[in-house]
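Sequence lines set the chain letters: A, B, ... in the order given, protein chains first and strands last, and positions in each chain run from 1.
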Amino acid sequence: MVDSVMGRVDDLLRQAFAAAGLPTEAVRSVPASKPEFGDFQCNAAMALGKAAKRNPRDIAAAVAEILRASPEFAAVDVAGPGFLNLRLADAFVTARARAQAASPDLGIVRRDDPPVLIDFGGPNVAKPLHVGHLRSLVIGEALSRIFAAQGVAVTTDIHLGDWGLQMGMLIAAIRRAHPERAPGTVGEAVTVDEMQRLYPEASAACKAEPERMAEARALTAALQSGDPQAFADWSALRATSLADQRHDIDRLGTRFDLFLGESDAQAIVDTLVPNLVARGLAYESDGALVIDVAEGSDAKPLPPLILAKSDGAATYGTTDLATIAGRATDPALARCGRYVYVVDERQSLHFNQVFRAARRCGIAPGVDLVHVGFGTVNGVDGKPYRTREGGVARLRDLLAEAVDKARGRIETDDPAIDRDVLAEQVGLAAVKWADLSTLRLSGYSFNLDRMMSFEGNTGPYIQYACVRIGAIGAKADAAGLRPSAIALGHPAERALAMACLRLPVAVAAATAGYAPNEIADLAFAVAQAFSRFYAECPVLNAEDEEARAARLALCGLAHAVLSKALWMLGIAVPQRM
RNA sequence: GCGGUCGUAGCUCAGCUGGAUAGAGCACCAGACUACGAAUCUGGGGGUCAGGGGUUCGAAUCCCUUCGACCGCGCCA
């Protein structure tokens, strides 16, 4: 186990502040704002000076004097009104880099968290996947891997949207389109293409014509109350649609342990709802059955969660609540300490309602319920992404376009490289990187041309760095050259090691904030530091054998860190490109 | 109307539990391949952090306000 460098620095800082007779709660280091200030800085003296009515510079000077005794630091300086500038000793950095290289998990700290369940707030099975599904699939997979990298067990559930009014609309439309077939045998006759044509029409028709809507509602209610024919048609439609959606899911590399959905909660709904009524937690309001979730501290009281609509049908609030109850009593999930919902931020009110209802009803006590929201994918015009024709962009088309663009940009003429495989790896890397490298909560603009430029902060740039390191290693192996221990002489070597050493910090930050972009930031920093090192420090052609072996070792570390980071993001590393 | 998110370089975005001269990528300009792979690297120009006020030794960051954008607000999911 390797302590993170920053953790060690913070420990030393706190010890020094304590030794100077000062409180340590607010003491922490941050990366130096400028390289000439050193590696880290600490600004706590200024804040403490105010509280203690002491001159911040005196405090900083006293702490600096103590810190200078630590061999970890090469320089400790007081600057300005009381900044502490810290430069790490090369020997310390070298030792940490060697320890990281020797650590199987590269210094990533294991967490002893209970297992985590990730709910992807899955797609509506009445429709094909569109761009909007990209984020949940990509972010959810990354979070799953980030947990796994720390030894936390994860269960992923796609949680399909397969039980609401949209299914009633679809079944009704399909039956209308195939009047020759008996109800209950219609679903099996329908292809994905037909479904995808019929659903938008049905949805529009229901909006426009009350009779159509009434028909859809009736079918939804029938389905939910166990009508065998409705269930048979539903079941066939669901299977056909899911099989189609799985092409895109598999292509993206998102892995699910469970392909459950809202429909799987129905059995629980049947017992949960009467139970909540009996306990007085649910009551009738305007013909619907609701649970109050408002709290006195709300700036604006939350509307109640609707458990049953006036026609008796369940809402997705009902199934979400029942699903929580079901998970809490499922032996396979009993140890889970939190349920994480990776769903569009626009649904934050919904999850707020569901989570509060669960708390109020005593469902899944002790389980953390977390909504990990994300912003929308926008087009270049800043509005939600659409095709050139103005329609909803299908995920499949978008991925195909990305891979095609990637194929067109492949520059290698190496006959040993499978261009299709490479195009797939590079194209998906570009798309995933664009998604994961931005802040989760803010939307991002989806610009294929930009993410396919392969220059600067893009997925392929990181892949390229990784591939170049790999090429050095392969050549070294072929020549029988062995790495030794990492040694840091050149500034570019030191900078690369420092970037690698940030990995455990980045993983911790990514976990705390459900923020894959922390991993992407780290990967970019390492790739950039490597590229600079590569330009300035010959490895195989190093000045002497000692330098060559030490640089090979450093390359090994950088390659391991980059590979790990890309793995956590769900991005493949090509052998060559 | 109420609630929420947001407004940072020409473009796309970081930075937001207050710290030093506000960063990165792209684009633009100037350099570096007889060189471990140039999908790379080096250097440069480019900012009223939407406007205004306040708190503070110090504000992109916290508070108030104006303007603008997006999202949500009980029987869609």
For this session: For A:Y534, answer base if it contacts any base atom (sugar-phosphate contacts may also be present), sugar-phosphate if it contacts only those atoms, and nothing otherwise; contact means non-hydrogen atoms under 4.0 Å.
Result: base

Exercise. Watson-Crick or G-U wobble partner for B:G46, using a 3.5 Å limit on both distances?
Worked result: none

Exercise. Should A:K309 be listed as having a side-chain N or O under 4.0 Å from OP1 or OP2 of B:A77?
Worked result: yes

Exercise. Within the structure shown, what part of the strands sits under 4.0 Å from A:L439 by heavy-atom distance: base, sugar-phosphate, or nothing?
Worked result: sugar-phosphate

Exercise. In whole angstroms, how far is the C1' atom of B:A39 from the CG atom of A:L422?
Worked result: 11 Å

For this session: Report the relative orientation of the aromatic rings in A:F355 and A:Y341; use parallel for angles under 30°, tilted for 30 to 60°, perpendicular for over 60°.
Result: tilted

Exercise. Do A:R346 and B:U5 share a donor-acceptor pair, side chain to base, under 3.5 Å?
Worked result: no

For this session: State whether the distance check finds a donor on one side and an acceptor on the other, under 3.5 Å, for side chain A:N85 versus base B:A20.
Result: yes

For this session: Would you mind telling me which of B:G3, B:C36, B:U40 lies closest to the side-chain atoms of A:R468?
Result: B:U40

Exercise. For A:I306 and B:C75, what is the distance between atoms CD1 and P respectively, to the nearest whole Å?
Worked result: 6 Å

For this session: Return no unless some side-chain N or O of A:Q528 is found under 4.0 Å from OP1 or OP2 of B:U40.
Result: no

Exercise. Atom CD1 of A:I469 and atom C1' of B:U40: how far apart are they, to the nearest Å?
Worked result: 13 Å

Seminar exercise, completed: Across every strand shown, the nucleotide meeting Watson-Crick or G-U wobble geometry with B:G31 (both distances under 3.5 Å) is B:C41

For this session: Under 4.0 Å between any heavy atoms, over every strand shown, what does A:C537 touch: base, sugar-phosphate, or nothing? Just pick one.
Result: base

Exercise. Looking at A:F454, does the NZ or CZ of A:R409 lie under 6.0 angstrom from its six-membered ring centre and within 45 degrees of the ring axis?
Worked result: yes

Problem set entry | Spacing between A:D521 atom CG and B:G25 atom C1', to the nearest angstrom | 12 Å

Exercise. Are the ring of A:F83 and the six-membered base ring of B:G19 within the stacking cut-offs of under 5.5 Å and under 30°?
Worked result: no

For this session: Could you tell me the separation between the CD atom of A:Q224 and the C1' atom of B:A77, rounded to a whole number of Å?
Result: 12 Å

For this session: Could you tell me which nucleotide pairs with B:C13 by Watson-Crick or G-U wobble geometry, both distances under 3.5 Å, or answer none if nothing does?
Result: B:G23

Problem set entry | Any side-chain donor near an acceptor of the partner, A:N457 and A:W433, under 3.5 Å | yes

Exercise. Can you check B:C57 for me, syn or anti if syn means within 90° of 0?
Worked result: anti

Problem set entry | Nearest-nucleotide pick for A:V290, side chain only, options being B:G74, B:A24, B:G37 | B:G74

For this session: Classify the nucleic acid contact of A:A79 as base, sugar-phosphate or nothing, counting any heavy atom under 4.0 Å across all strands shown.
Result: base

Exercise. What is the nucleic acid contact for A:S445, judged by heavy atoms within less than 4.0 Å: base, sugar-phosphate only, or nothing?
Worked result: sugar-phosphate

Exercise. What's the closest nucleotide to the A:M46 side chain, out of B:C41, B:G37, B:G19?
Worked result: B:G19

For this session: Check every atom of B:C75, B:A38, B:C36 against the side chain of A:R217 and return the nucleotide holding the closest atom.
Result: B:C75

Problem set entry | Residue from A:E543, A:E536, A:E545 passing salt bridge (charged side-chain N to carboxylate O under 4.0 Å, His left out) with A:R551 | A:E543

Exercise. At under 4.0 Å, does any side-chain N or O of A:R532 touch on OP1 or OP2 of B:U42?
Worked result: yes

For this session: Classify the nucleic acid contact of A:K475 as base, sugar-phosphate or nothing, counting any heavy atom under 4.0 Å across all strands shown.
Result: sugar-phosphate

Exercise. Ignoring hydrogens and angles, does a donor from either the side chain of A:S442 or the base of B:C6 sit under 3.5 Å from an acceptor on the other?
Worked result: no

For this session: Remember a base hit wins even if backbone is also touched, and classify A:V467 as base, sugar-phosphate or nothing at under 4.0 Å, heavy atoms.
Result: base

For this session: Look at the side chain of A:S285 against the base of B:G74 and say whether a donor-acceptor pair falls under 3.5 Å; ignore hydrogens and angles.
Result: yes

For this session: Measure from the ring centre of A:Y461 to the centre of the six-membered ring in the base of B:A39, then say whether that distance is under 5.5 Å and the planes meet at under 30°.
Result: no

Exercise. Closest to the A:P303 side chain: B:C73, B:A77, B:G37?
Worked result: B:C73

Problem set entry | Identity of whatever pairs with B:A69 - Watson-Crick or G-U, under 3.5 angstrom | B:U5

Problem set entry | Watson-Crick or G-U counterpart of B:G18, or none if no pair lies under 3.5 Å | none

Exercise. Rounded to whole angstrom units, what separation is found between the CD atom of A:Q353 and the P atom of B:C75?
Worked result: 11 Å

Exercise. When you check the gap from the basic side-chain N to the acidic O, do A:E518 and A:R502 get nearer than 4.0 Å?
Worked result: no

Problem set entry | Pair partner, B:U56 [Watson-Crick or wobble, under 3.5 Å] | none

For this session: Mind checking A:S531 for me? I need base, sugar-phosphate or nothing, with any heavy atom below 4.0 Å counting as a touch.
Result: sugar-phosphate

Problem set entry | Complementary nucleotide of B:U61, counting Watson-Crick and G-U pairs under 3.5 Å | none

Exercise. Should A:T376 and A:N378 be marked as a side-chain hydrogen bond (donor to acceptor under 3.5 Å, both in side chains) after you check the CA-CA gap, both sets of side-chain angles, and the distance that decides it?
Worked result: CA-CA 6 Å; A:T376 53; A:N378 300 320; 3.0 Å; yes

Exercise. Is the base of B:A39 touched by the side chain of A:Y464 through a donor-acceptor pair closer than 3.5 angstrom?
Worked result: no

Seminar exercise, completed: Here the distance between atom C1' of B:C75 and atom CG of A:L349, to the nearest Å, is 14 Å

Exercise. Under a 4.0 Å N-O cut-off, is there an ion pair linking A:R346 with A:D344?
Worked result: yes

Exercise. Do the ring planes of A:F524 and A:Y461 sit parallel (below 30°), tilted (30 to 60°) or perpendicular (above 60°)?
Worked result: tilted

Exercise. What's the closest nucleotide to the A:R28 side chain, out of B:U17, B:G37, B:U40?
Worked result: B:U17

Problem set entry | Proximity to the side chain of A:F454 - top-ranked nucleotide from B:A39, B:C41, B:G37 | B:A39

Exercise. Of the candidate nucleotides B:G23, B:A77, B:C36, which contains the atom at the shortest distance from the side chain of A:K34?
Worked result: B:G23

Problem set entry | Separation of B:U5 C1' from A:E345 CD (nearest whole Å) | 8 Å

Exercise. Looking across every strand, which nucleic acid part, if any, lies under 4.0 Å from A:F37 by heavy atom: base, sugar-phosphate, or nothing?
Worked result: base

Exercise. What's the closest nucleotide to the A:A288 side chain, out of B:C75, B:A39, B:C73?
Worked result: B:C75

For this session: State which of B:A77, B:G37, B:G19 makes the closest approach to the side chain of A:Q41.
Result: B:G19

Exercise. Going from CG on A:D420 to CZ on A:R407, what distance comes out if it is rounded to the nearest 0.5 angstrom?
Worked result: 4.5 Å

